[in-house]
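Throughout, a chain's letter reflects where its sequence line sits, starting with A, and its residues are numbered from 1.
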There are 2 protein chains.
Amino acid sequence: MRNASTKQKVMDASGYLFFTKGYHGTSVRDIAGRAKVNVSLISYHFKNKQGLLEFLMVEYFEPYIELLEEYAQKEDSKESFYQLIELIIQYKKKHYQFTCFVHRELTLDNVLVREMMVTYLAKEKYILYRLFKQCLHGSGIKGTQLQYLFLQFKGMLMTPFMMPYDMRDQNVLDHSDNYFSEQYSQTIIRWFDHLIESHKISYKKEGII
Amino acid sequence: MRNASTKQKVMDASGYLFFTKGYHGTSVRDIAGRAKVNVSLISYHFKNKQGLLEFLMVEYFEPYIELLEEYAQKEDSKESFYQLIELIIQYKKKHYQFTCFVHRELTLDNVLVREMMVTYLAKEKYILYRLFKQCLHGSGIKGTQLQYLFLQFKGMLMTPFMMPYDMRDQNVLDHSDNYFSEQYSQTIIRWFDHLIESHKISYKKEGII
DNA sequence: AAAGTGACGAGAGAATGTTGCAGGAATCCC
DNA sequence: GGGATTCCTGCAACATTCTCTCGTCACTTT
């Protein structure tokens, strides 16, 4: 009873503080203070401040990658990919604070963070890129442009979670319920459809000329 | 001779380190070490670590706001607004590292940073929103949707400068010359045109029905 | 009763931001 | 030329804060 409670309290507190103040901006004292537990408990449960971060990372990424891998094994259809997009947005929204934190920390040249995420990120990129490519296989988009579009696609997956602090109030309205995930992933999907369609058209035109 | 050199060296070093490691992640000793100057020189020139940050902020934002104010006084035309968009992207790209830093730091709940930026941000929002609204005045887009689109617009202005560390290599290719600024602002402008056009069409359709 | 576990308090050891002081080297002013 | 000023260095000290470890206590389990 007691352990689950305190350990979870530490995790919650650190999650929130990392989100608002960043990893370097929060001390273990801050965390312990917010969780209302003793400072040494953090070392006890997670060994380090870094160990705590690592624990949170694994807990966050493990189900996420699982989700991706599940869809990587399904039959390749556009609908399946579109469904995955919505599920990704849903997952990120569900763990909104930590998602923000991860994306922000990824813009830093932090060896520690990157080292513990590199396998997850590689898997994510591999799976997403494969599905992305197969979805656009019908329209003959070439190599360099495909990569650029993929970059743009990944940008769309993270943009809502990199909003500045002073814009969040308005954004939180959208984040409040499941409405946002649906709407926003629809935006991405619409962009996708538009992409396929417009390229087909320009392809046809070139054929005529 | 000497003073300009060392002061500038400190500014360069701190700019780079804030960019890669964040404000809290860099110590004054790191900065002094990288600039190859004495630690006490930072206090000498800028009083504080915070003073150094403040100095950099002012130096970055002053010309930026000046640019915005210049265009706020011009006659209201779509072309003028489009031109401003490209100039903004150009400015941000020119000061790429510090732009990234500012955008990242804005996602934090950092009182110090926010306090010294609040006036700049207010001015920026005021001017941009006015121009944005006037540009979309022709098409009858309503209040709430207008604000949502404005949010999206501001998101587009900062997305390229929030790229994760491991995606930058590919991005730097685009950032290498003036090509990027032109291309990317064209992307925004096209989105804008599409916005006006599609809304006009749906408006007409409703009229017919 | 013994062993194990979760929690606490104190504190060591290191890092950080900041300040102070003695001096060197260049520049400016008379 | 000589003195004053300015810019910079080097070293040291300071208080503060940080992370992390240690010994101990209370409670539970065996």
To the nearest Å, how far apart are [X] [atom1] and [N] [atom2]?
X: B:Asp30; N: C:dG17; atom1: CG; atom2: C1'; answer: 12 Å
X: A:Phe46; N: C:dG6; atom1: CZ; atom2: P; answer: 12 Å
X: A:Ile42; N: C:dA7; atom1: CD1; atom2: P; answer: 12 Å

For [N] and [X] - does any side-chain N or O of the residue sit under 4.0 Å from the phosphate oxygens OP1/OP2?
X: B:His24; N: C:dT16; answer: no
X: B:His45; N: D:dC7; answer: no
X: A:Thr6; N: C:dG6; answer: no
X: B:Tyr44; N: D:dC7; answer: yes
X: A:Ser27; N: D:dC18; answer: yes

Less than 4.0 angstrom from a charged side-chain N to a carboxylate O is my criterion; do A:Lys125 and B:Asp166 meet it?
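Looking at A:Lys125 and B:Asp166, the cut-off is not met.
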Exercise. Which pairs pass side chain to side chain donor-acceptor pair (under 3.5 Å) with one or both residues in residues 14-23 of chain A, sequence neighbours excluded?
Worked result: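 For residues 14-23 of chain A: none.
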- [ ] Using a cut-off of 6.0 Å, state whether more than 12 heavy atoms not belonging to A:Gln152 lie near its atom CD.
- [x] yes
Looking only at heavy atoms, the pair that brings B:Met158 and A:Pro164 closest together is CE-CD, 3.4 Å
For nucleotides 18-23 of chain C, 5' to 3', base contacts (B), sugar-phosphate-only contacts (S) and non-contacts (-) with protein non-hydrogen atoms under 4.0 Å give BBB---
Per nearest nucleotide of DNA chain D, the residue lying toward the 5' end, B:Leu41 or A:Thr26, is B:Leu41
Given side chains that start at C-beta, do those of A:Leu68 and A:Ile88 come closer than 4.5 Å, heavy atoms only? yes
The side chain to side chain donor-acceptor pair (under 3.5 Å) partners of A:His103 (sequence neighbours excluded) come to A:Lys92
